[in-house]
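Proteins come first, then strands; the chains are lettered A, B, ... in the order of their sequence lines, and each starts at number 1.
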Amino acid sequence: MNNFKTSTKSDKIKVLNVAEKPSVARSIANVLSKDHRIEETKSPFNKLFKLDYRLKDVEVEMWITSVTGHLKSLKYPQKYQSWEKWDPIIILKEAEIENNISTDKQNLELNLKNFASICNRLILWLDCDREGENIAFEVMEVCREANPNIQVNRAHFSAVTYVDVRRALDTLKYPDENLSNSVIARQEIDLRIGASFTRFQTLLLQKQFNLSSIVSYGPCQIPTLGFVVQRQKEIDSFVKEQFWFIQSEDDQKCIYNWDRTHLFDELIVALLFERCYQESATVINVQQKDVQKWKPYPLCTIEFEKLASKKLKISAHKAMELAERLYNKGYISYPRTETNKFPPTINLQTIIRDQQNHPVWGEYATNLINFAFEYPKAGNKDDKAHPPIHPVKMMIESEAQNRQEWDVYQLIARHFLACCSKNAKGSETTITLQINDETFSKTGLVIKEKNYLEIYIYDEWSQSQVPNYQQGDSIKIKLTLQKGSTSPPKPMTEAELIGLMDKNGIGTDATIHEHINTIQDREYATKRGQIIKPTKIGLALVESYEILGFTLHQPFLRAVMEQRMNEVALGKKEKSQIVQATINEMTIILKQLQEKQNLIIKTFGSYLEALKNYDEDNDNDDNNQPRIPLDEAEETTQNQPKVNKKTKNQRNKKSDEQPKNSITPPSICQFCNSLCVTNKQLNGKLIQICPKLCQIQEDINQNSHHQSTQNKDNCFQCNLCQNFMKIRYSKIKKTNFLGCSSYPQCNQAIFLPDTVKSIKLIDKKCTKCESPLFSLQFNENYNQVHQTSFFCLFPGCQYIIKTDWKQNKDSNQTSFVGKQQNKGENTGKYPFNPHQQNRNFYNKDKSNNQQKFPYYKN
DNA sequence: GCAAGGTC
């Protein structure tokens, strides 16, 4: 029952103003007149504000109201609701789509029709972005239905402030259909791709693998998952690398860093250590300089979400929920904003004054007002619709509904006050030491003025003291040769993911947190604390795309879409052209997926099986290795834990062992006559090195080891990169093979016959090629008896087991004398042929992809 | 039961 009735007594021209949300309508009314009247409408949130105004010298009655985002939404007609009945290709390519006003927006439609039928003019105050322009057309269409003669204008504003609103009214323009069409194109493409690919994947995989969720596909959610999977793969394929460095410590326990940082060659570091070793150093420089720690940029949504996640440990999704609540209660400004610079029209002093009575930071605010204020830095993002997030009303802790709400308000208020403060100032002192040819340095910091750091508790700037030395001083030092190793990438945090999505244009400020939520709802990823990790399903899905050659999880899909939308927005292309082109390209991909559906099931299943021990809830990546099958035959370094243990032992051994002890009578370089340095390596081998590096010579008095004995897991050198081959383990084949230790940079491998179950390196060498020998364990049902129990696996050496470097897709089989294996064709034993694709997820040959998938062509 | 974009 429509009990709404608005008054129409006045004879003045009536101008209907429509904003995108209730708050903007309210702000416009406030800006234009404090004496406005407020009327209820059929939609409880969307009030109607009325006021008298002089518009271009004409007295008019302004009616200001709002919608709540889009009025219309795209959907497939009822007949397509059955997933089983329709080929996803039809859903993608041919099914008609309806664009109607959603049921929950019908009250707004009635409002607009009612007001438009009474008003003479319509001014569209939708946000000044593409979506806003499209909503403007939706509003205009509804209003024109009720009043075909209504005169329409578009207001362009960068903030809802007095100056901007007045300026917008003085320079009214017309809505831009190209901008709006680019949105319609995006909507249609997203729906068609999302619905068709989701139906295909779900029907293919859900029942087969007893999955509780649908297996959705979306051009934002899947690239989001792609980032999470990529990081996990980087962690799991990480191979630790050892490095060495020289450390210098003075008698005040101050440690100076080597200016060469560290080197990956133990020999060179040992040599340099020998050459510079002494017990005193000269202070060659003491440099002091003033430094600043910069205050933050004004707060946009993305930054707010990152800060909430990182500093408050509140998820982006929850933080937005809390911010929206604070906004609705009038404590903060609109929280969905891309802008990180304040418009000159906003009165910052007034906002600070509102905080002057605050029990926690009132004094700080007063101090800012009186003398410490400095204008905020200007960021480079501006959505032309909303200012950066800032407090609009003071809130004290007891007014907050809970701790998290208070934390969010506090973050926003403190951030704003920090923006209006001065940078922190300090003094940095760097001491440089010279020890023979090597230099070492140490930098200390003294904070002189904390300024914004007083209020901004989220930033740290730690002080560190340095000794009070003068240039030319000679000081006593202790030099040590140290060893370290590179660390794997850190697990993906939510804040990092938000940053990656923002950088790659995945989602918008208002939707990024929703996509992160979606991948969790779909059981593609889990979040523990601030760490996001892929689940088995998420890994298996992305890996299946990867292995089968699809780039559906790559972020550039969205970038191409954005580029095409821009062409429509600029009027260079028709929306139908880009919809057609995109859908045609995606049809090719969907058809390929359909053709490969058996392979998809097999690949997806193999990954789930291989990942059955993968602990998706464990954040500790050191204790959770190996879990992910790498793209090369699901390989993992079987011996990795042993390698690490050995490294530790070696380090301990090294610390007891001073290099000086290892010196034997030096020899003379045969090229330059310099006195050579003898160095003992960690493996005990002695080496004579010329200081000018003319020659490096193994000490003949020592027991000369084959290089492969440097590390007990190393076999012989890779014929491609000269690093060592190692015993690896294929989780899917459940057998050993030899893989290059430089994987994934080098993918050289040697596979063994299926009859070989496992291999073990032994302390014997091949008499023919000097490579280390292996003892082999054969499958139980393999009966052939060999005359020897030790085998050489160096390609081309032994006649009993013939092995080969696996360099291309046709040579992925090793052969066994007397028992020839299948060659070439994929036998179904492997879930895929890894050599048909680039193995390396991160160094994908894009040109190749582009050839295969025209959708990604620019 | 499908997407992503507005907004509450």
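Nearest nucleotide to the side chain of A:T202, out of B:dC2, B:dC8, B:dG1: B:dG1. Of the candidates B:dT7, B:dG1, B:dA3, B:dT7 carries the atom nearest the A:Y334 side chain, counting heavy atoms from C-beta on. The side chain of A:H70 lies closest to B:dG6, out of B:dC2, B:dG6, B:dT7. In this structure, of B:dC2, B:dG6, B:dG5, it is B:dG5 that holds the atom nearest to the side chain of A:C220. Distances from the side chain of A:Q221 to the nucleotides B:dC2, B:dA4, B:dG1 place B:dA4 closest. Distances from the side chain of A:R186 to the nucleotides B:dC2, B:dC8, B:dG5 place B:dG5 closest.
Two residues are said to be in side-chain contact when any heavy atoms from C-beta on lie closer than 4.5 Å; A:L16 and A:M62 fail this criterion. In this structure, A:K527 and A:N517 have side chains that are not in contact, with every pair of non-hydrogen atoms separated by 4.5 Å or more.
Rounded to an integer number of Å, the gap from A:E324 CD to B:dG6 P is 12 Å. One can place NZ of A:K47 at 19 Å from P of B:dT7, the figure rounded to the nearest angstrom. Look at CG on A:D521: it is 15 Å from P on B:dG1, rounded to the nearest Å. If you measure from atom CD of A:Q201 to atom P of B:dA3, you get 11 Å, rounded to the nearest angstrom. If you measure from atom CZ of A:R336 to atom C1' of B:dA4, you get 14 Å, rounded to the nearest angstrom. Spacing between atom CE of A:M320 and atom P of B:dG6 amounts to 11 Å, rounded to whole angstrom units. B:dT7 atom P lies 9 Å from atom OH of A:Y327, rounded to whole Å. Put simply, CG on A:N99 is 14 Å from C1' on B:dA3, counting in whole angstrom units.
Residue A:R192 places none of its side-chain N or O atoms closer than 4.0 Å to OP1 or OP2 of B:dA4. Between A:T518 and the phosphate of B:dA3, there is no side-chain N or O to OP1/OP2 separation shorter than 4.0 Å. For the pair A:S213 and B:dG1, the criterion of a side-chain N or O lying under 4.0 Å from OP1 or OP2 is not met. For A:Q81, no side-chain nitrogen or oxygen approaches OP1 or OP2 of B:dG1 to under 4.0 Å. In this model, the phosphate group of B:dA3 is not approached by any side-chain N or O of A:Q187 to a distance below 4.0 Å at OP1 or OP2. Within the 4.0 Å cut-off from OP1 or OP2 of B:dA3, not a single side-chain nitrogen or oxygen of A:H515 is found.
With centroids closer than 5.5 Å and planes inclined by less than 30 degrees as the test, A:W83 and the base of B:dG1 pass as a stacked pair.
Taking the six-membered ring wherever Trp is involved, the centroid distance between the rings of A:W125 and A:F157 falls below 6.0 Å.
Both A:D129 and A:K75 lie close to DNA chain B; mapped to their nearest nucleotides by heavy-atom distance, the more 5′-ward contact belongs to A:K75. In terms of position on DNA chain B, the residue among A:D127 and A:Y80 whose nearest nucleotide sits closer to the 5' end is A:Y80.
Residue-level contact check: A:L74 touches the bases, meaning some heavy atom is under 4.0 Å from a base atom. Note on A:G507: only backbone sugar-phosphate atoms sit closer than 4.0 angstrom, heavy atoms only; bases stay farther off. Within 4.0 Å of A:R522, counting heavy atoms only, lie sugar-phosphate atoms of the nucleic acid but no base atom.
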request  = For the pair A:R564 and A:E567, evaluate salt bridge (charged side-chain N to carboxylate O under 4.0 Å, His left out) and give the outcome as yes or no after the intermediate values.
outcome  = CA-CA 5 Å; A:R564 291 181 169 178; A:E567 288 175 336; 5.7 Å; no

ask   = Between A:R186 and A:E131, does a salt bridge (charged side-chain N to carboxylate O under 4.0 Å, His left out) hold up when you go through it step by step?
value = CA-CA 10 Å; A:R186 197 265 309 144; A:E131 296 293 332; 2.8 Å; yes

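Side-chain atoms of A:E138 and base atoms of B:dG6 include no donor and acceptor less than 3.5 Å apart.
Dense packing is recorded around CD of A:E562, with more than 12 heavy atoms of other residues, nucleotides or ligands lying under 6.0 Å away. More than 12 non-hydrogen atoms from other residues, nucleotides or ligands lie less than 6.0 angstrom from CZ of A:F209.
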